[in-house]
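Keep in mind that the numbers below use all heavy atoms, side chains included, and drop hydrogens, waters and symmetry copies. In this chain, residues are counted from 1 in sequence order.
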Amino acid sequence: MQTNFSLTQLADPAMAASEKILRTCVHCGFCTATCPTYLLLGDELDSPRGRIYLIKDMLEGGKPAVPEVVKHVDRCLSCLSCMTTCPSGVHYMHLVDHARAHIEETYRRPLSDRLLRSVLAFVLPYPNRFRLALLGAKLGAPFRPLVARLPRVGNRLAAMLDLAPTHLPNRNPTDRPGTFPPETRALEASAALHGETAPARTGRVALLRGCAQSVLRPDFNEAAIRLLTRHGVEVVQAKGEGCCGALTHHMGKADASHAQAQRTIDAWIAEMDGAGLDAILVTASGCGTTIKDYGFMFREDPAYAEKAKRVSAIAKDVTEYVATIGLMPPIVETDLVVAYHSACSMQHGQGIRTEPKNLLKSAGFIVKDVPEGHICCGSAGTYNILQPEIANRLRDRKVANIERMRPDVIATGNIGCATQIGKGTAIPIVHTAELLDWATGGPKPVALEGLPERTLLAAE
């Protein structure tokens, strides 16, 4: 793609990076075949190629954002399926992130939009605020029909009420800063099977506590901690760590997202420079994609460029890490059929496609791929709140594809997907780590308690 940015514009590192991305695009249109919004709406401007033209015109002309551009950029899920499809290697993620930051700086949204986005940014990244908001949502649920009729924001407020859980999980004792030592008994038993001497530990990792996930599904991280310590890994949840910044980053709120990320980077660097870390693990793939991109986000920051690069270099999804240390033989035999839903941030954002499925198979589960698995479920951070109509259509499409397979359980590696899909089906949905934990000696996931048992026999 030919560009005409001025030298003054290109002196801005963000503009220079976007110009390089724009020049990579060859207008082939392959991206349109896998774009969820183009699939549903059939509008070229709601495809990656169409948005690239809009963004190019806006940035190249040094223009403030206009309603037409905002509408189509807002409709983008940032699912990154286009990046998987693109034969030219267009880094659409960095381009649309820049566009969103430009929109935030130059476009004045209607008051109702500004208020809603401010509330989301103020509440979601902070567990205590989020928990309080969910309690409020429970009280507001009976008034949903009235709320839905409010002009401009009614549909989005109703979506927030719909997504709120009926029952809020209790606070989890593992949701705290601290260190969880390896289980020496499990290490010794595993080593004895191979005639080996058990090591003191097999690794030391930091685990992101997260924000929304720690409130909605604390059992995800609890299972991950058990799984890791059973495999001889010392797990630390760093003091001072907070939200990774992903939620506000994808809303174009660069200052807020960078501040949140800096706090978390500092917490992890303290652990790296102290007792050391082999990896920084994440159980929410949406967070993982952003954390792995810290090096790019802070590339021009003299205080954080090197620290961010160090963090990104050792960041891994929990299944990505477990695959490297090897899963111990399962002690629970089951013939459960698992529909594995690969989150967009997992398969497109991080390029992790086989590790979770291979681990589940080695743990004894029957794993099935979901038809149209590359198409987003509609969660996408705050997308299912800000664009509920499109999100619901994508959720219904995803659920129909899953239910067609008649699985016993759905496994995924992202809290957003678990919440979104879970609102559309009665099939239990769990984190991949929960199933791996159960298979290797942990408790049966709470979500599976009502599942009829067939071959759920503990090995002798």
L120 and L247: side-chain contact (heavy atoms from CB on, under 4.5 Å), yes or no, with the steps?
CA-CA 9 Å; L120 293 175; L247 286 169; over 6 Å; no

If you look at every heavy atom in A339 and I402, which pair is closest and at what distance?
CB-CG2, 4.2 Å

Is the shortest side-chain heavy-atom distance between V236 and L277 below 4.5 Å?
yes

So, applying salt bridge (charged side-chain N to carboxylate O under 4.0 Å, His left out) with D74, which one of R100, R109, R51 is it?
R109

Under 4.0 Å between a Lys/Arg side-chain N and an Asp/Glu carboxylate O for R310 and E306?
no

For the residue pair D369 and K357, establish whether any side-chain heavy-atom pair is separated by less than 4.5 Å.
yes

In a check of side-chain hydrogen bond (donor to acceptor under 3.5 Å, both in side chains) between Q213 and each of T419, D219, N221, which one passes?
N221

Keeping R204 on the side-chain end and G276 on the backbone end, is there a donor-acceptor pair under 3.5 Å?
yes

Applying side-chain contact (heavy atoms from CB on, under 4.5 Å) to L228 and F180, what does each step give before you reach the verdict?
CA-CA 9 Å; L228 291 165; F180 301 86; over 6 Å; no

Looking only at the side chains, is there a donor atom on one of N155 and E389 sitting less than 3.5 Å from an acceptor on the other?
yes

Determine whether L386 and R117 make a side-chain contact, defined as any pair of heavy atoms from C-beta on separated by less than 4.5 Å.
yes

Are any of the side-chain nitrogens in D162 or K423 under 4.0 Å away from the carboxylate oxygens of its partner?
no

Could you walk me through whether R156 and D113 pass the salt bridge (charged side-chain N to carboxylate O under 4.0 Å, His left out) test, one step at a time?
CA-CA 10 Å; R156 288 173 285 179; D113 287 2; 2.7 Å; yes

Testing the 3.5 Å rule here: is there a donor-acceptor pair between the side chains of N401 and R404?
yes

Has Q347 got a side-chain atom pairing as donor or acceptor with S342's backbone, closer than 3.5 angstrom?
yes

Are H98 and S18 close enough that a side-chain donor and a side-chain acceptor fall under 3.5 Å?
yes

Between T412 and N414, does any side-chain donor sit less than 3.5 Å from a side-chain acceptor?
no

Are I265 and F298 close enough that some pair of their side-chain heavy atoms sits under 4.5 Å apart?
yes

State whether the side chain of N392 and the backbone N or O of P388 hold a donor-acceptor pair below 3.5 Å, judged by distance alone.
yes

Could you state the interatomic distance from OG (S88) to NE2 (H27), rounded to the nearest 0.5 Å?
10.0 Å

Only one of E60, E19, Q9 forms a side-chain hydrogen bond (donor to acceptor under 3.5 Å, both in side chains) with T3, so which one is it?
E19

Any non-hydrogen side-chain atom of L54 less than 4.5 Å from a side-chain atom of L45?
yes

To the nearest 0.5 Å, atom OG1 of T432 lies from atom CG of L227 at 10.5 Å

To the nearest 0.5 Å, what is the distance between OG1 (T289) and CE (M93)?
7.0 Å

Quick one: are I352 and K316 in side-chain contact, heavy atoms under 4.5 Å?
no

Check against side-chain contact (heavy atoms from CB on, under 4.5 Å), V147 and M160:
CA-CA 11 Å; V147 169; M160 292 170 68; over 6 Å; no

Distance-only, no hydrogens or angles: does the H231 side chain make a donor-acceptor pair with backbone N or O of V233 under 3.5 Å?
no

Using modelled atom types and a 3.5 Å cut-off, is there a donor and acceptor pairing between side-chain atoms of H258 and backbone atoms of A254?
yes

Is any side-chain heavy atom of D57 closer than 4.5 Å to one of V69?
no

Interatomic spacing from CZ in R149 to CG in L157 - rounded to 0.5 Å
15.0 Å

Answer with yes or no whether the side chains of T34 and T85 bring together a donor and an acceptor at under 3.5 Å.
yes

Hey, is E320 close enough to K292 for a salt bridge, meaning N to O under 4.0 Å?
yes

Could you tell me whether K71 and E68 have a side-chain N and a carboxylate O separated by less than 4.0 Å?
yes

Have S345 and S285 got a donor and an acceptor in their side chains that come within less than 3.5 Å?
yes

What distance separates R209 CZ from E241 CD, expressed to the nearest 0.5 Å?
6.5 Å

Sub-3.5 Å donor-acceptor pair from the side chain of R75 to the main-chain atoms of H72, do we have one?
no

Contact between H341 and C377 at the side-chain level, heavy atoms closer than 4.5 Å - yes or no?
yes

Tell me yes or no: between the side chains of T283 and R217, is some donor less than 3.5 Å from an acceptor?
no

Is T264 reaching over with its side chain to a backbone N or O of C243, donor-acceptor style, under 3.5 angstrom?
yes

